[in-house]
Colleague: 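Got a structure for you, written out below as structure tokens; questions coming shortly.
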Amino acid sequence: MPHHTVNGAEMQGNGQLDGRRFRSVLSRFATGVVAITALDPDTGEPAGLAANSFTSVSLDPPLVAFCVAHTSTSWPRLRAAKTVSVNVLAEHQQPVCAQLAAKGGDKFAGLSWTRSPGGNPLLEGALAWLECSIEAEHPAGDHVIVVARVHQLDAHADGSPLVFYRGGYGRFTP
């Protein structure tokens with residue numbers, strides 16, 4: 001398919017942005033990384049996924065949002081739970097992120113965690129946690145935007161955040 005440039009943006013012949021170019025340019029925006037965790041209500045086993053699309057939405061009521069790919073096999077297990085926990089990952093938790101981002105297998109094998117007040121997994125070493133209920137889901141392209149109401153939260157450990165930038169992990173030094 002032919003490409004052309006419009007105001008510096010590479011376009012495909014159908015007028016759509018080239019996906020690789022879109023990803024490349026947006027990778028220049030640094031994001032933190034979180035792990036969304038819960039206990040699967042059907043099995044009682046921990047379930048989780050990693051996300052770098054997390055943001056605060058509202059102070060009153062206290063709302064946050066994160067995005068999940070439609071292809072996620074973990075999200076159906078998490079969304080069935082009464083509440084989910086958002087774990088803000090620390091820079092040393094890159095292996096935890098990779099494990100939770102992997103397809104299939106026991107994502108919690110070898111991970112240390114405790115229970116939140118609502119019973120969800122809180123990952124040892126995470127900087128902070130928020131316990132939330134799902135408020136709304138909004139389909140958006142190949143993802144779903146999940147809006148969640150925060151019921152409880154706390155700082156968990158000291159340290160620097162895990163930062164995702166230009167397709168890799170980096171450090172933030174305050």
Side-chain angles (χ1 to χ4, degrees), residues 22-41 46-72 74-101 107-108 111 113-174:
F22 184 71
R23 176 176 262 181
S24 172
V25 170
L26 290 183
S27 75
R28 294 172 183 265
F29 179 71
T31 64
V33 184
V34 297
I36 312 298
T37 60
L39 291 180
D40 183 326
L49 59 85
N52 71 332
S53 56
F54 172 77
T55 189
S56 61
V57 174
S58 169
L59 292 175
D60 186 18
L63 300 173
V64 296
F66 52 91
C67 297
V68 179
H70 287 299
T71 57
S72 172
S74 298
W75 179 239
R77 296 176 62 204
L78 291 165
R79 75 192 300 217
K82 182 178 177 187
T83 61
V84 298
S85 289
V86 177
N87 297 258
V88 179
L89 297 182
E91 69 180 353
H92 69 274
Q93 292 182 300
Q94 183 177 339
V96 173
C97 176
Q99 191 166 325
L100 291 174
K107 293 187 177 197
F108 282 79
L111 297 185
W113 56 278
T114 58
R115 290 182 187 263
S116 69
N120 291 322
L122 299 179
L123 298 168
E124 199 65 42
L127 299 179
W129 59 268
L130 302 88
E131 193 155 64
C132 311
S133 59
I134 305 307
E135 187 90 357
E137 293 182 59
H138 304 282
D142 56 6
H143 280 64
V144 61
I145 301 168
V146 180
V147 178
R149 182 180 295 259
V150 179
H151 299 287
Q152 300 183 68
L153 72 165
D154 203 358
H156 196 56
D158 288 326
S160 294
L162 181 59
V163 177
F164 191 70
Y165 178 71
R166 295 188 79 175
Y169 296 95
R171 299 177 58 122
F172 172 78
T173 307

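Side chains are part of it too, since the values below use all heavy atoms of this structure and drop only hydrogens, waters and symmetry mates.
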Colleague: Checking His70 side chain against Gly141 main chain: does a donor-acceptor pair fall under 3.5 Å?
Modeller: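 Side chain of His70 to backbone of Gly141, a donor-acceptor pair under 3.5 Å: yes, one is there.
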Colleague: Do you know which two heavy atoms are closest between Gly48 and Phe108, and how far apart they sit?
Modeller: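 Nearest heavy atoms, Gly48 then Phe108: N-CE1, 3.6 Å.
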Colleague: Is the backbone of Leu127 close enough, under 3.5 Å, to the side chain of Gln93 for a donor and an acceptor to pair up by distance?
Modeller: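 No: the side chain of Gln93 does not pair with the backbone of Leu127.
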Colleague: Once rounded to the nearest 0.5 Å, what's the spacing between atom SG of Cys67 and atom NE2 of His138?
Modeller: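 Here the rounded value is 10.5 Å.
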Colleague: Between Thr37 (side chain) and Pro121 (backbone), is there a donor-acceptor pair under 3.5 Å?
Modeller: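 Present.
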Colleague: Taking all atoms of both residues into account, what is the closest heavy-atom pair of Ser85 and Asn87, and its distance?
Modeller: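 That would be O-ND2, 3.7 Å.
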Colleague: Is a side-chain N or O of Ser56 found less than 3.5 angstrom from the main chain of Val64, in a donor-acceptor match?
Modeller: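 Side chain of Ser56 to backbone of Val64: no pair is present.
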Colleague: In Å, rounded to the nearest 0.5 Å, how long is the span from CZ of Arg79 to OG of Ser74?
Modeller: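 Rounded to the nearest 0.5 Å, the CZ-OG separation comes out at 13.0 Å.
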Colleague: Identify the heavy atoms of Asn120 and Ala38 that sit nearest to each other, and give their distance.
Modeller: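 That closest heavy-atom pairing would be OD1-CA, 3.3 Å.
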Colleague: Of the non-hydrogen atoms in Ala80 and Pro41, which two are nearest, and what is the gap between them?
Modeller: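 Nearest heavy atoms, Ala80 then Pro41: O-CG, 3.4 Å.
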Colleague: So Arg115 and Leu122, side-chain contact (heavy atoms from CB on, under 4.5 Å) or not? Walk me through it.
Modeller: CA-CA 6 Å; Arg115 290 182 187 263; Leu122 299 179; over 6 Å; no
Colleague: side-chain contact (heavy atoms from CB on, under 4.5 Å), that's the test. Do Thr114 and Glu124 meet it? Break it down for me.
Modeller: CA-CA 7 Å; Thr114 58; Glu124 199 65 42; 3.8 Å; yes
Colleague: Between Gln152 (side chain) and Glu131 (backbone), is there a donor-acceptor pair under 3.5 Å?
Modeller: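 No, Gln152 side chain to Glu131 backbone: no donor-acceptor pair under 3.5 Å.
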Colleague: Could you give the distance from OG (Ser116) to CG (Leu130), rounded to the nearest 0.5 Å?
Modeller: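 Between Ser116 OG and Leu130 CG, I get 11.0 Å after rounding to 0.5 Å.
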Colleague: Among Ser58, Pro62, Pro61, which residue satisfies the side-chain contact (heavy atoms from CB on, under 4.5 Å) criterion with Val150?
Modeller: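 The side-chain contact (heavy atoms from CB on, under 4.5 Å) with Val150 is passed solely by Pro62 among Ser58, Pro62, Pro61.
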Colleague: Quick check: do Pro161 and Leu89 have side-chain heavy atoms less than 4.5 Å from each other?
Modeller: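 No, side chains not in contact.
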Colleague: His151 and Thr83: side-chain donor and acceptor closer than 3.5 Å?
Modeller: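 The answer is no; no qualifying pair exists.
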Colleague: Checking the side chain of Lys107 only, and the main-chain atoms of Gln99 only, is there a donor and an acceptor separated by less than 3.5 Å?
Modeller: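 Side chain of Lys107 to backbone of Gln99, a donor-acceptor pair under 3.5 Å: no, none is there.
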Colleague: Apply the test side-chain contact (heavy atoms from CB on, under 4.5 Å) to residues Ile134 and Arg149: give CA-CA distance (whole Å), side-chain angles for both, the deciding distance (0.1 Å), then the verdict.
Modeller: CA-CA 6 Å; Ile134 305 307; Arg149 182 180 295 259; over 6 Å; no
Colleague: Mind running side-chain contact (heavy atoms from CB on, under 4.5 Å) on Ser72 and Leu49 for me, showing each step along the way?
Modeller: CA-CA 9 Å; Ser72 172; Leu49 59 85; 3.9 Å; yes
Colleague: Say you draw a straight line from CH2 of Trp75 to NE2 of His143; how long is it, rounded to the nearest 0.5 Å?
Modeller: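 So the gap between those two atoms works out to 12.5 Å.
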Colleague: Taking all atoms of both residues into account, what is the closest heavy-atom pair of Ala47 and Leu78, and its distance?
Modeller: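 Smallest interatomic distance, heavy atoms only, reads O-CD2, 3.4 Å.
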Colleague: For Cys132 and Val86, which heavy atoms make the closest approach, and how far apart are they?
Modeller: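 Scanning both residues, the minimum pair turns out to be SG-CG2, 4.3 Å.
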Colleague: Could you grab the distance from atom CG of Leu123 to atom CG of Leu100, nearest 0.5 Å is fine?
Modeller: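 Answer for the CG-CG pair, Leu123 versus Leu100, is 6.0 Å.
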Colleague: Does either side chain, that of Ser133 or that of Lys82, offer a donor lying less than 3.5 Å from an acceptor on the other one?
Modeller: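 Checked: Ser133/Lys82 side chains show no N/O donor-acceptor pair below 3.5 Å.
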